[in-house]
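Note sheet for the following structure.
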Amino acid sequence: QVHMRESGGGLVQAGDSLRLSCAASGFTFSDYAMGWFRQAPGKEREFVASINWRGDNTYYADLVKGRSTISRDNTKNTVYFQMNRLTPEDTAVYYCAVGHGVFAGGSPHEYNYWGQGTQVTVSP
């Protein structure tokens, strides 16, 4: 049974940094790409970043490019997402997801398992 648990969210101030974690189980973690998405109130879920199975290829949405880093530790079955210079526009529930294969891009259709999400709230 696939299970993912996100953590690391919380209330922070604008300009702060945050690192989210997603611990996965129930599948061979190192065989699959992983991604992060977010959903703000009243908005659709949007892609944030993805990383391939080995962790040597990453892809970012423009809205976080240059101030964020996605990484993974296949020995710990965990994917991370570091965000810097946070703004109130980053306020959302952040979800991790398992890709269909070794690579995954920005479409939700490329992912087939999702975590429950972790809330990130950025105050002005």
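Residue numbers count from 1 along this sequence.
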CA sep, side-chain torsions, deciding dist, call: Phe81, Val64, side-chain contact (heavy atoms from CB on, under 4.5 Å): CA-CA 11 Å; Phe81 185 60; Val64 299; 4.3 Å; yes
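- The backbone N or O of Ser68 lies less than 3.5 Å from no partner atom in the side chain of Gln82, so there is not a single donor-acceptor pair.
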Are Val93 and Thr118 close enough, and set up right, to give a side-chain contact (heavy atoms from CB on, under 4.5 Å), and what steps lead you there? CA-CA 5 Å; Val93 178; Thr118 185; 6.0 Å; no
Starting from the C-alpha separation in whole Å, work towards a yes-or-no answer on salt bridge (charged side-chain N to carboxylate O under 4.0 Å, His left out) for Arg85 and Asp90. CA-CA 10 Å; Arg85 304 191 301 277; Asp90 293 315; over 6 Å; no
Only pairs under 3.5 Å count here: list side-chain donor-acceptor contacts from residues 15-31, not counting sequence neighbours, and write none if there are none.
| from | atom 1 | to | atom 2 | distance (Å) |
| --- | --- | --- | --- | --- |
| Asp16 | OD2 | Gln13 | N | 3.0 |
| Ser17 | OG | Asn84 | OD1 | 2.9 |

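- The backbone N or O of Gly115 lies less than 3.5 Å from no partner atom in the side chain of His3, so there is not a single donor-acceptor pair.
- Remark: side-chain polar atoms of Tyr94 are not paired, donor with acceptor, to backbone N or O of Gly8 under 3.5 angstrom.
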Is there a side chain to side chain donor-acceptor pair (under 3.5 Å) between Glu89 and Thr91 once you walk through the steps? CA-CA 5 Å; Glu89 288 68 37; Thr91 294; over 6 Å; no
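- Residue Met4 holds its CE atom at 9.0 Å from CD of Gln116, rounded to the nearest 0.5 Å.
- Taking OG of Ser50 as the reference point, atom CE of Met34 lies at 11.0 Å (rounded to 0.5 Å).
- In this structure, the separation between CH2 on Trp114 and OH on Tyr95 is 9.5 Å, given to the nearest 0.5 Å.
- Considering all non-hydrogen atoms of both residues, Pro88 and Ser123 come closest at CG-C, 4.4 Å.
- One distance of note links CZ of Arg72 with OH of Tyr32; it measures 11.5 Å at 0.5 Å rounding.
- Listed for the Thr78 side chain is a donor-acceptor partner under 3.5 Å among the backbone atoms of Lys76.
- Annotation for Leu63 and Arg67: closest pair O-NH2, 3.2 Å, computed over non-hydrogen atoms.
- Each of Phe37 and Tyr80 belongs to its own hydrophobic cluster when Ile, Leu, Val, Met, Phe, Trp and Tyr are linked at side-chain heavy-atom distances under 4.5 angstrom.
- Nearest heavy-atom pair, Gly99 versus Ala104, reported as atom, atom and distance to 0.1 Å: CA-CB, 4.2 Å.
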Give the C-alpha distance, both sets of side-chain angles, the deciding distance and a yes or no for side-chain contact (heavy atoms from CB on, under 4.5 Å) between Val98 and Asn112. CA-CA 6 Å; Val98 185; Asn112 54 10; 4.0 Å; yes
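- In terms of hydrophobic clustering, with Ile, Leu, Val, Met, Phe, Trp and Tyr side chains grouped at heavy-atom distances under 4.5 Å, Tyr111 and Trp36 are assigned to different clusters.
- Heavy-atom contacts from other residues, nucleotides or ligands closer than 6.0 Å to CZ of Phe103 number more than 12.
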For Tyr59 and Asn52: C-alpha separation, side-chain torsions, deciding distance, then whether side-chain contact (heavy atoms from CB on, under 4.5 Å) applies. CA-CA 9 Å; Tyr59 175 49; Asn52 71 331; over 6 Å; no
Give every donor-acceptor pair under 3.5 Å between a side-chain atom in residues 40-49 and any protein atom, sequence neighbours left out.
| from | atom 1 | to | atom 2 | distance (Å) |
| --- | --- | --- | --- | --- |
| Glu46 | OE2 | Arg38 | NE | 2.8 |
| Glu46 | OE2 | Arg38 | NH2 | 3.4 |

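- Note on Ile51: it clusters hydrophobically with Val2, by side-chain heavy-atom contacts below 4.5 Å among ILVMFWY residues.
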